[in-house]
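As the structure lists them, so they are numbered: ligands from 1, and atoms in each ligand from 1. All figures in this text were calculated on a predicted structure; none of them were measured in a lab.
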Amino acid sequence: MENFMKMAIQAAVDNVSENHGGPFGAVVVKEGKIVGIGRNEVTSSNDPTAHAEIQAIRSACANLGTFQLEDCEIYSSCEPCPMCMGAIFWARPTAVYFASTKEDAAAAGFDDQFIYEQLALAAGERQIIMKQLFVQESQDPFQAWVSSLTKITY
Ligand SMILES: [Zn+2]
């Protein structure tokens, strides 16, 4: 287990020395084998969602040919942010291990505390405008889904 964590940390350190993105790395392990690896690529790919855990999940799912990480473990160099935690819950690995904490990340300039505070607010009270915009077609996607005979549930 410690070797997998050291690989995640090394990916994070390499990411900084190669000016590839933020100091974050993650690996996905299934049955003792690495099936995915990710590094933070926010700045190099102009993608605010390209966090190490998300990249590792995408890599593992592509390699495994699946949209769920059953029986997988994620080793991350740092405690996942709220976005990555959401992705982790959707991917459904059995465990997540992290080396440094969100407090460590905040001390280095990566403070996600404001997201936790924003999530706790009602939609209308958030800094970014979020409100329902109802149109007559609002329920069409769900009606299409419920009546579909060929859907792949997840
Ligand atoms: Zn994240």
I'd like to check the side chain to side chain contact (heavy atoms under 4.5 Å, CB included) partners of L121; sequence neighbours left out, ordered by chain and number. Q118, E125, R126

Stepwise side chain to side chain contact (heavy atoms under 4.5 Å, CB included) test for F110 and F24: CA-CA 11 Å; F110 298 95; F24 304 96; 3.7 Å; yes

Within the structure provided, determine whether I88 and P93 are in side-chain contact (heavy-atom separation under 4.5 Å). yes

In residues 29-43, what donor-acceptor pairs under 3.5 Å come from side-chain atoms, sequence neighbours left out?
| unit_1 | atom_1 | unit_2 | atom_2 | d |
| --- | --- | --- | --- | --- |
| R39 | NE | N15 | OD1 | 3.3 |
| R39 | NH1 | E18 | OE1 | 3.0 |
| R39 | NH2 | E18 | OE1 | 3.3 |
| N40 | OD1 | G22 | N | 3.0 |
| N40 | OD1 | V42 | N | 3.1 |
| E41 | OE1 | Q55 | NE2 | 2.7 |
| E41 | OE2 | H20 | NE2 | 2.8 |

So, the side chain of T66 versus the backbone of C61: is there a donor-acceptor pair under 3.5 Å, distance only? no

For the Zn ion (ligand 1), which protein N/O/S atoms are closer than 2.8 Å? H51 ND1, C81 SG, C84 SG

Partner set under side chain to side chain contact (heavy atoms under 4.5 Å, CB included) for D111, not counting sequence neighbours: A106, Q113

